[in-house]
Amino acid sequence: MQILSLIRDRFEKALTGLVVDPASHTQRITVARDSRHGDYQANIAMSLKAEMGLPPQQIAAEIVARLQIDDICLPPEIAGPGFINLKLRDDFLATQVTLSATDSRFGVEAIVPRRYVIDYSAPNVAKPMHVGHIRSTVIGDALVRILRFLGHRVVSDNHLGDWGTQFGMIIYGYKNFVNENGFAENPVAELSRLYRLVQQVIGYQDAYPKLAKAEAAVLDAQQLYQAANAKAASDPKAKAGAKQAAKSLRAAEELLESLQQKVSAIESEPALEAIAQNHQNLEQKVQFETAKLHAGDTTNLELWNKFLPISISEIDSVYRRLNINFDYTYGESFYHEMLEPLVSKLVVAGMAVESEGATCIFLPGFEAPMIVRKRDGAFLYATTDLATIEYRMQHFQPDVILYVVDHRQGEHFSKLFAAAKAIGYENVDLQHISFGTVLGSDGKPFKTRSGSVIGLEYLLDEAVDRAYQAVCDPQRLQKAGLNMPEEEKRHIANTVGLGAIKFADLSHNRTSDYEFNTEKMVQLEGNTSAYIQYMYARAQSIMKKSDSQISRESVAGYSVIFAESAERDLVLQLLQFEDALHQSVEAYYPSVLASYLYSVAKQFAVFFDQCPVLIASTEQLKRSRLAICFSTSEVLRLGLSLLGIGTVDRM
RNA sequence: GCACCCAUAGCUCAACUGGAUAGAGCAUCGGUCUACGGAACCGAAGGUUAGAGGUUCGAAUCCUCUUGGGUGUACCA
């Protein structure tokens, strides 16, 4: 039962014959922001002033007169400049909540399905996963779950980076620097070491020749800065120039510092320095290995086949912990054979042309073209992405393809989507579900103090450890009267810790950057999953203690009554579950569902505080409150599960 | 240089996409309860929504400019 759409339907009927396009106005009916204005509000009349040429209050009165809604609401009230305020009838709320509680989907109805392909997570194989991979993975997974629950047909696809330069790096690294014993003992760690080693040396070789120039640039910038400052002192108009100069100076200094870091990382270790000396132009050598792999070189292909499962098993272990599954994992390599024919086809059709030796698609509105084949004949990720669209259209016939990828690739996707349209894919809705950066507490991209990235597994471990300490603190458990075996404690810590990481991510508006702070997110108070999980556990505990056996089958016999306002407030929120789901996928913001669940949990805490259940004044009231506990549990458990977060019966 | 994004309470974030007195959580201060597990509940304080104009019944939200930050920018992904 979607209350909002029910109300909108009634308004649409009332507006029919009154205005030109009734449906377009009903979007302006929303949950009341302030409960003093009722439960829902319609902000329609004001915007109809121009169309109807009447004062908004009069329009509102007209609408209300035509509105048939008394089976759901109390008589509507008109307020302020023409708001129509609605308050739902108590008997309606009571009936609906019982009805929902008897349903395993809490009354959420399946809708006309659309076909979705959701492209998310997409880590680079052979590079260790880090905190940056959390967002795509967790947001994508939540969208898959919610859309599926609503009845859509969803294909989840992990577009693994399994064919890129990083393989050239570990192939070269393996051929030249492998520690055989280390590889035999722990291949994942050894590959990761090789990757870092090669990356460091390339970084060094790239940075070293630039050092002198960067030093000079800093000196120049300093001079310019001083000159500009001197000028600004006498001439206020030159102030902007001085600021600009300060900015340039800072940029030059930062560049120099990062170069120096790369250089000293190698020079501080003689072994690394020797490698750098003995393997000049490593970047080109690595590119050569990559090119050989792409060309089908037997040795490199064998190595690729050897390394791939190793890296994938590591990634899979992260997915297993996070309980994330994909329908398909078609990595870049999967599309490899399709690139050449695709580019040829585009060239023949005249859609791709040669420019400066590269094969390009020029797109109106973009300065630079989309390059689909490099001068040296190699293909790029743009090529793969186009081939991927083609493949998905042929095999999945989606109405929508969502790319859950960080915002820095915004321009790439605008180009890709324009190109896809240009080559004939006009009937698919392509959307870049972009998200912000994960920051450290210094407001900069999340890294260790020394600048290296932190492994994802480590962060998961940390969250679980902290959760264990907080939730399974012996004193706390004793005070709560909870006696549990070690195994259960670990299970709880796992559910709470991993939930905390997911929830911290999902509760933020995806387009904002957010600060990653394990300490805070597992602090287990405030806007965290632990708080919600805790409220769920408390509701479970009450039901367990009652002698009546409430269940989905029996709850129909527990009619709901409102003795306190806390009960009505909670029930109203529970019935907005379906609205929250629809709203969260409307523009693909899982954060809408996350904050809905938090406010339900908070509302339950109020109910819990003010409405004794087991010792309620009458048996009827006790049964009503049990039904409310049951319904709350259902919504919290279901809702969290749609975010990929679990619950436990006690914690 | 050009393009896109951002700036909201001391801190971390919301604000249903133009609605009524901008809300939560931390932190601070004060209060409640011999009720179902004190990770509880209630209250106070905290804001010229970076600044200046504009659009209209109405702006944190849309437009213009200014300031400060981030990101991307022809052969990496």
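What you see below is based on every heavy atom in this structure, not just the backbone, and it leaves out hydrogens, waters and symmetry mates. Every chain is numbered from 1 and lettered A, B, ... according to where its sequence line falls, protein lines coming before strand lines.
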Any ion pair linking A/K622 and A/D547 (charged N to carboxylate O, less than 4.0 Å)?
yes
Does this structure show an ion pair linking A/E567 with A/R625, if we count only N-O contacts that are shorter than 4.0 Å?
yes
Salt-bridged, A/R373 to A/E340, with N to O below 4.0 Å?
yes
Could you work out which one of B/C57, B/A24, B/C16 sits closest to the side chain of A/P81?
B/C57
Looking at A/N509, I'd like to know whether one of its side-chain N or O atoms comes within less than 4.0 Å of OP1 or OP2 on B/A15.
yes
Taking the C1' atom in each of B/A14 and B/G47, what is the distance between them to the nearest angstrom?
15 Å
Looking only at side-chain atoms of A/V31, point me to the closest of B/C16, B/A24, B/G19.
B/C16
Using the C1' atoms only, state how far B/U8 lies from B/G69, rounded to an integer number of Å.
16 Å
Span that lies between the P atom of B/A52 and that of B/A39, in whole angstrom:
47 Å
Verify the contact: side-chain N or O of A/K520 to OP1 or OP2 of B/U12, cut-off strictly under 4.0 Å; return yes or no.
no
So for A/E411 and B/A3, does any side-chain atom that can act as donor or acceptor lie under 3.5 Å from a complementary atom in the base?
no
P-based separation of B/A60 from B/U55 [nearest Å]:
16 Å
What stems show up for RNA chain B when you take Watson-Crick pairs (N1-N3 plus N6-O4 or O6-N4) and G-U wobbles (N1-O2, O6-N3), both under 3.5 Å, and require three or more consecutive pairs?
B:1-7 with B:67-73, B:10-13 with B:23-26, B:28-32 with B:40-44, B:50-54 with B:62-66
Answer with base, sugar-phosphate or nothing: what part of the nucleic acid does A/I615 contact at a heavy-atom distance below 4.0 Å?
base
Taking atom C1' in both B/A40 and B/C33, compute the distance separating them and give it to the nearest angstrom.
10 Å
Pairwise C1' distance for B/C63 and B/A24, with rounding to whole Å:
31 Å
With a 3.5 Å cut-off and no angle check, do the side chains of A/S599 and A/Q573 form a donor-acceptor pair?
yes
With the criterion set at under 5.5 Å between ring centres and under 30 degrees between planes, would B/A20 be stacked on A/F83?
yes
In whole Å, measure the gap between the C1' atoms of B/A22 and B/C4 for me.
27 Å
Between B/C6 and B/C62, how many Å separate the two P atoms, rounded to a whole number?
8 Å
Just N and O in the side chain of A/R33: are any of them under 4.0 Å from OP1 or OP2 of B/A22?
no
For A/H159 and A/Y335, I'd like to know if the aromatic rings sit close, meaning centre-to-centre distance below 6.0 Å.
yes
A/D162 and A/S333: side-chain hydrogen bond (donor to acceptor under 3.5 Å, both in side chains), yes or no, with the steps?
CA-CA 6 Å; A/D162 62 358; A/S333 60; 2.7 Å; yes
Salt bridge A/E77-A/K87, side-chain N to carboxylate O under 4.0 Å
no
